[in-house]
Amino acid sequence: MNQFIQRIANYVANEILIKGLSESRTFQRFALKTHTHIEKMKANGNTTINQTLDEIHKTATEAAYSTATNAASGGARRAASGPPQPPLTGMPGFIDAFKKEIRKDLGLGGSGGKS
């Protein structure tokens, strides 16, 4: 008997909430703005990732066709002094770490030496 009453209460609550929200102009505007914002974020993310992959491909191609002296001098770029910088966080940090790993895997002089 208790489950029956619980089901009726759930049904009534769901009907009121769903119909109330679907008829609410404020909720409809909120849903539309959220949807467009998420779509923009998806599009920007794909663009950023594609640009990063293009940069990696360009760097790999240049390194593959450069002379040995150019490749050797390219890995010697380090800051002369100052404290070390903390790594980036979030999506930029992920992309930066991903680029470093790809360069290291391809033997293009990525940061961090082999032990």
Side-chain angles (χ1 to χ4, degrees):
M1 186 72 168
N2 191 18
Q3 285 182 339
F4 179 71
I5 294 173
Q6 195 173 24
R7 283 186 178 182
I8 290 175
N10 282 338
Y11 175 77
V12 170
N14 284 337
E15 284 296 312
I16 291 172
L17 284 174
I18 291 171
K19 286 184 180 180
L21 287 176
S22 68
E23 294 172 358
S24 168
R25 297 298 259 167
T26 306
F27 182 76
Q28 290 174 357
R29 283 193 301 258
F30 168 75
L32 182 63
K33 286 182 181 181
T34 303
H35 175 73
T36 55
H37 181 68
I38 289 174
E39 291 299 318
K40 286 179 185 177
M41 293 294 286
K42 284 181 184 178
N44 289 342
N46 287 340
T47 303
T48 303
I49 290 172
N50 287 338
Q51 288 174 348
T52 303
L53 290 175
D54 288 343
E55 286 178 24
I56 292 171
H57 182 262
K58 181 180 175 184
T59 304
T61 304
E62 288 173 354
Y65 292 111
S66 68
T67 61
T69 56
N70 289 340
S73 66
R77 296 179 303 217
R78 292 201 174 194
S81 63
Q85 297 294 323
L88 297 173
T89 58
M91 192 63 170
F94 171 77
I95 292 172
D96 188 46
F98 185 71
K99 285 194 297 189
K100 289 178 182 177
E101 283 298 316
I102 294 295
R103 287 182 181 145
K104 189 167 62 173
D105 289 346
L106 295 175
L108 300 176
S111 67
K114 294 183 181 177
S115 300

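These figures come from a predicted structure and were not determined experimentally. Just so you know, residue 1 is the first one in the sequence shown, and it goes up from there.
- The aromatic rings of Phe98 and Phe94 sit parallel, their planes meeting at an angle under 30°, below the 60° perpendicular limit.
- One hydrophobic cluster holds both Ile16 and Ile8 under the rule that ILVMFWY side chains link at heavy-atom gaps under 4.5 Å.
- Ion pairing of Lys100 with Asp96 is present here, as a side-chain N (NZ or NE/NH1/NH2) and a carboxylate O approach within less than 4.0 Å.
- Note that OG1 of Thr48 is 9.5 Å distant from CE of Met41, once rounded to the nearest 0.5 Å.
- Remark: Met91 CE to Thr52 OG1 distance equals 8.0 Å, nearest 0.5 Å.
- Note that the CG atom of Leu17 and the CD atom of Glu15 stand 10.0 Å from one another [nearest 0.5 Å].
- Grouping the Ile, Leu, Val, Met, Phe, Trp and Tyr side chains by contacts below 4.5 angstrom, directly or via other members, places Ile56 apart from Leu88.
- Atoms CG and CD1, from Asn44 and Ile49 in turn, are 11.0 Å apart once rounded to the nearest 0.5 Å.
- Proximity of Arg29 to Thr26: side-chain heavy atoms (C-beta onward) are separated by under 4.5 Å at one or more points.
- Test Leu32, Ile38, Thr36 against Thr34 for side chain to side chain contact (heavy atoms under 4.5 Å, CB included) and you get one pass: Ile38.
- Between Arg103 atom CZ and Asp105 atom CG the span is 12.5 Å, to the nearest 0.5 Å.
- Heavy-atom neighbours of Glu39 CD from other residues, nucleotides or ligands within 6.0 Å: above the threshold of 12.
- With values rounded to the nearest 0.5 angstrom, Thr47 atom OG1 is found 14.0 Å from Lys42 atom NZ.
- With Thr59 contributing its side chain and Glu55 its backbone, the two residues share a donor-acceptor pair below 3.5 Å.
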